[in-house]
Number of protein chains: 2
Amino acid sequence: MKYDPAQKTTRGAARTLKAFSETMLMMLGEKPFEKISVNALCEAADYPRATFYNYFDDKYDLLTYCWYRMRREVHLDQISGDPTDATFMAAFDQIYHLFDSHHDLLIAVVSHNPLDSQLVNHFIQYFTSVFTELFSARAKPQALKTPVELVAKHYSSTVLLIMEWIFLGQHPTTREEAEVYVRELLEPSFTCVE
Amino acid sequence: MKYDPAQKTTRGAARTLKAFSETMLMMLGEKPFEKISVNALCEAADYPRATFYNYFDDKYDLLTYCWYRMRREVHLDQISGDPTDATFMAAFDQIYHLFDSHHDLLIAVVSHNPLDSQLVNHFIQYFTSVFTELFSARAKPQALKTPVELVAKHYSSTVLLIMEWIFLGQHPTTREEAEVYVRELLEPSFTCVE
DNA sequence: TTTACGTTTAGACAGTTGTAAAACATTCAT
DNA sequence: ATGAATGTTTTACAACTGTCTAAACGTAAA
């Protein structure tokens, strides 16, 4: 992101950032991402084009900021790297809740942006990288030969796959069912034992 | 893809398609995908712009055709949906070979296009969808509660994750080691039994 | 050879993109 | 309040995109 959330944000800048990201999300519910030009976006947000480029490198950079805002709404701190660990399921529930709380927005967006579109891809990729970082931060040394980093990526991409299936692929699924999915996919032995 | 590989291709059309895709792959080894304009591409391929748009919708459409050509080089037919099945590992080996045979090209491309770039994303997404189709085509009815389609996606995205790790992330890994990875990630119980 | 057909090409078009320089507005310490 | 620093807006620009039209081309049947 061009804009650095770490640095202090003036009231004016915050207002501008909010206006652009909310306008983008609104327009995503109306038309495909490819059809949204920076021109039209600025028109709708009622800001000059130069201001847009003041805060963002391009459309994609704004998207990243949109996902950042969404992600920021939920605390995702107590994650363990081990799916048999109880804190893993707690983290999974938090992630489920994050997506669930934006259910309507996601439905609207997907209705104009297919699952294999650049937009959905960008969305998935952003959250995958966020979760990968969280998973690998507390990864335990494991008995496997597979590198820890690869395992962390595997966990997060699997979790995202399930979220995509449920919330973007429009397969209504309760949190409890979703928990079964993630256990079956990540720990097949777990299911056999039961 | 705008161009339909199913329809008969005249000799002239085949030459044009080949020229564009090879030029694209060559340029990807020289600069990032975002910096490659259709103009420059046509210049390098020595074809007029109108011809480009005759065959492809845009840059991305040409990319898809590039991956299609790559994919076509290898037979990927005998795939089973079950990772404990021997044919699954046979298929995995074929996929490993496919990427391995383009090792130099992938190195060159990645040196100008980071792992989280649009380009690499597009590449991964294309092959994930190809493998998903193959895996679900022969998916066996399973004891899991997780939908078959979701499981197929999980298999293919995991396989691609490993390929990305090895060939794009530049972690030299033998085929035997790669086989260990895929077994550990997809069938942890399998490893425990051994 | 001529005709007819589909494909390829040249050129032009309106709209978009990202950048740069300068004008303008705010904020805040002095 | 004054002035410096910072942030915002205007305007202009060169380059690119995707589409269109009409002309040029090749090929295969009459």
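Quick note on labels: first sequence line is chain A, next is B, and so on, each numbered from 1.
Counting to the nearest Å, the C1' atom of D/dT17 and the CD atom of A/Glu34 are 14 Å from each other. Between the C1' atom of D/dT9 and the CZ atom of A/Arg15 lies a distance of 15 Å, rounded to the nearest Å. Taking atom CG of residue A/Leu17 and atom C1' of nucleotide D/dT8, one finds them 13 Å apart after rounding to whole Å. The CG atom of A/Leu62 sits 15 Å away from the C1' atom of C/dT17 (whole-angstrom rounding). Atoms CG (B/Asn39) and P (D/dC16) sit 5 Å apart, rounded to a whole Å. Across the protein-nucleic acid pair, B/Glu43 atom CD and D/dT17 atom P stand 13 Å apart, rounded to whole Å. Across the protein-nucleic acid pair, A/Phe56 atom CZ and D/dT8 atom C1' stand 14 Å apart, rounded to whole Å. The CZ atom of B/Phe52 sits 11 Å away from the P atom of D/dT19 (whole-angstrom rounding).
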Listed pairs, N/O of protein and of nucleotides 3-10 of chain C, under 3.5 Å:
unit_1: C/dT8; atom_1: OP1; unit_2: B/Tyr55; atom_2: OH; d: 2.7
unit_1: C/dT8; atom_1: OP2; unit_2: B/Asn54; atom_2: ND2; d: 3.3
unit_1: C/dT9; atom_1: OP2; unit_2: B/Thr51; atom_2: OG1; d: 2.1

With the criterion being N/O to N/O and under 3.5 Å, what pairs connect the protein with nucleotides 24-27 of chain C, and how long is each?
none

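Considering only side-chain atoms of A/Tyr53, the nucleotide from C/dT16, D/dC16, C/dG18 that sits closest is C/dG18.
Checked against side-chain hydrogen bond (donor to acceptor under 3.5 Å, both in side chains), A/Tyr96 has no partners two or more places apart in sequence or in another chain. Legend: residues meeting side-chain hydrogen bond (donor to acceptor under 3.5 Å, both in side chains) with A/Ser156, ordered by chain and number and at least two apart, are A/Thr132. Taking the side-chain contact (heavy atoms from CB on, under 4.5 Å) definition, one finds that A/Asp57 meets it with A/Lys2, A/Asp61, sequence neighbours left out. Partners of A/Thr146 according to the side-chain hydrogen bond (donor to acceptor under 3.5 Å, both in side chains) rule, which considers only residues two or more places apart in sequence or in another chain, are B/Glu184. Residues meeting the side-chain hydrogen bond (donor to acceptor under 3.5 Å, both in side chains) test with B/Trp165, sequence neighbours left out: none. Here A/Ser117 pairs with A/Asn113, A/Pro114, A/Leu119, A/Val120 under the side-chain contact (heavy atoms from CB on, under 4.5 Å) rule; sequence neighbours left out.
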List the atom pairs, donor and acceptor, that lie under 3.5 Å between side-chain atoms in residues 98-110 of chain B and the rest of the protein, sequence neighbours left out.
unit_1: B/Ser101; atom_1: OG; unit_2: B/His97; atom_2: O; d: 3.3
unit_1: B/Ser101; atom_1: OG; unit_2: B/Leu98; atom_2: O; d: 2.8
unit_1: B/His102; atom_1: NE2; unit_2: B/Glu73; atom_2: OE1; d: 2.8

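The stretch residues 19-26 of chain B has no heavy atom under 4.0 Å from DNA chain C, so no residue of it qualifies as close.
Note on ring orientation: taking the six-membered ring where Trp is involved, the planes of B/Phe20 and B/Phe52 are perpendicular (angle over 60°, cut-offs 30° and 60°). Using a 30° and 60° split on the angle between ring planes, B/Phe127 and B/Trp67 fall in the tilted class, from 30° to 60°.
Legend: ring-ring contact (aromatic ring centres under 6.0 Å, His included) pairs involving residues 23-46 of chain B, not counting sequence neighbours, sorted by first then second residue: B/Phe33-B/Tyr60. Among residue pairs with one or both ends in residues 147-163 of chain B, none qualify as salt bridge (charged side-chain N to carboxylate O under 4.0 Å, His left out); sequence neighbours excluded.
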